[in-house]
Amino acid sequence: MKRRNTKSKDDVLEILKLKGTAMSHDMIENEIEGYNRATIYRILNRFCKDGIVHRIVGMNGKQYFAMCTTCKHEEHRHNHIHFQCNNCEKVECLEEEPVINLPKGYTFENFNSVVSGICQDCH
């Protein structure tokens with residue numbers, strides 16, 4: 001089913017593209033005005049389901065959303081490490097995919113990891 005394009009969806013998508021890093025709901029809400037919390041959450045959840053963005057749960061338990069760069073709707077995978085800075089709290093995708101060695105009989109499907117430390121901007 002084709003989804004309706006709305007100004008609110010365009011605005012949320014534009015801010016995620018413009019910032020180029022993972023953003024929390026609060027960060028997005030601070031960047032765009034005129035939309036209530038529930039509307040922004042609905043848009044972000046729809047974008048996740050449609051393979052436009054992916055969700056990262058940071059070290060602080062907060063959800064962050066980042067643009068998908070290599071996903072297709074039928075293959076929504078994010079097998080890369082996410083890095084959260086302990087100083088500025090920025091969350092970013094590190095494109096290197098780690099090697100995961102599982103015991104015999106296990107099948108790898110998805111990987112979710114957040115590493116914390118100090119980012120290159122805060123050094």
Side-chain angles (χ1 to χ4, degrees):
M1 182 171 107
K2 184 151 172 65
R3 303 212 189 279
R4 201 168 52 104
N5 221 13
T6 64
K7 181 168 177 10
S8 57
K9 287 180 187 177
D10 290 343
D11 288 347
V12 171
L13 191 59
E14 183 64 28
I15 196 64
L16 285 167
K17 285 180 180 177
L18 186 68
K19 291 297 179 177
T21 188
M23 297 180 72
S24 69
H25 177 277
D26 295 339
M27 295 164 81
I28 294 167
E29 192 174 26
N30 288 336
E31 292 287 330
I32 57 176
E33 295 181 14
Y35 305 114
N36 65 40
R37 294 181 68 77
T39 298
I40 296 171
Y41 271 122
R42 266 194 311 279
I43 291 168
L44 291 169
N45 286 329
R46 175 57 57 199
F47 284 170
C48 285
K49 190 171 189 171
D50 289 347
I52 297 168
V53 302
H54 63 281
R55 182 186 330 262
I56 303 127
V57 179
M59 300 297 287
N60 55 7
K62 189 182 274 192
Q63 292 183 43
Y64 294 83
F65 301 87
M67 294 297 301
C68 293
T69 56
T70 59
C71 289
K72 296 176 179 61
H73 179 63
E74 61 278 355
E75 284 185 39
H76 194 56
R77 295 177 61 164
H78 305 284
N79 298 328
H80 56 265
I81 295 172
H82 298 94
F83 185 90
Q84 183 168 21
C85 181
N86 291 330
N87 189 40
C88 68
E89 297 188 7
K90 175 174 68 174
V91 174
E92 57 189 317
C93 299
L94 303 178
E95 294 305 321
E96 295 81 21
E97 189 170 321
V99 176
I100 307 294
N101 294 312
L102 296 174
K104 186 176 179 176
Y106 290 82
T107 303
F108 177 82
E109 290 184 359
N110 200 7
F111 173 81
N112 184 15
S113 175
V114 177
V115 175
S116 66
I118 304 299
C119 73
Q120 61 187 5
D121 295 335
C122 291
H123 268 271

Measuring from atom CG of Asp11 to atom CD1 of Ile28, what distance do you get when rounded to the nearest 0.5 angstrom? 11.5 Å

With rounding to the nearest 0.5 Å, note down the distance linking CE in Met23 to CE in Met67. 12.0 Å

Rounded to the nearest 0.5 angstrom, the CZ-CG distance for Arg37 and Asp26 is 5.0 Å

Could you walk me through whether Ile15 and Glu31 satisfy the side-chain contact (heavy atoms from CB on, under 4.5 Å) test, starting with their C-alpha distance in whole Å, then the side-chain angles of each, then the deciding distance to 0.1 Å, before giving a yes or no? CA-CA 7 Å; Ile15 196 64; Glu31 292 287 330; 3.6 Å; yes

Specify the closest pair of heavy atoms between Phe47 and Lys9, including all atoms of both residues, with the distance to one decimal. CZ-O, 3.6 Å

For Tyr64 and Ser24, work out which heavy atoms get closest and say how close. CD2-N, 3.5 Å

Inter-residue atom distance Ile32.CD1 - Glu14.CD, 0.5 Å rounding: 10.5 Å

When every non-hydrogen atom of Val114 is compared with those of Val57, the smallest separation belongs to CG2-O, 3.2 Å

Evaluate the side-chain proximity of Cys88 to Cys119: yes if any heavy-atom separation is below 4.5 Å, no if none is. yes

Could you go step by step and tell me if Tyr41 and His25 meet the ring pair (Phe, Tyr, Trp, His ring centres under 6.0 Å) rule? CA-CA 7 Å; Tyr41 271 122; His25 177 277; 3.9 Å; yes

SB check Lys62 Glu89 (cutoff 4.0 Å): no

Non-hydrogen atoms of Val53 and Cys68 that approach each other most closely: C-SG, 3.3 Å

Interatomic spacing from CZ in Arg55 to CD in Gln63 - rounded to 0.5 Å: 4.5 Å

Taking the side chain as every heavy atom from C-beta outward, state whether Phe65 and Cys48 have any atom pair closer than 4.5 Å. yes

Shortest non-hydrogen contact from Cys85 toward Ile118: SG-CA, 4.0 Å

How about Arg42 and Thr39: do any of their side-chain heavy atoms sit closer than 4.5 Å? yes

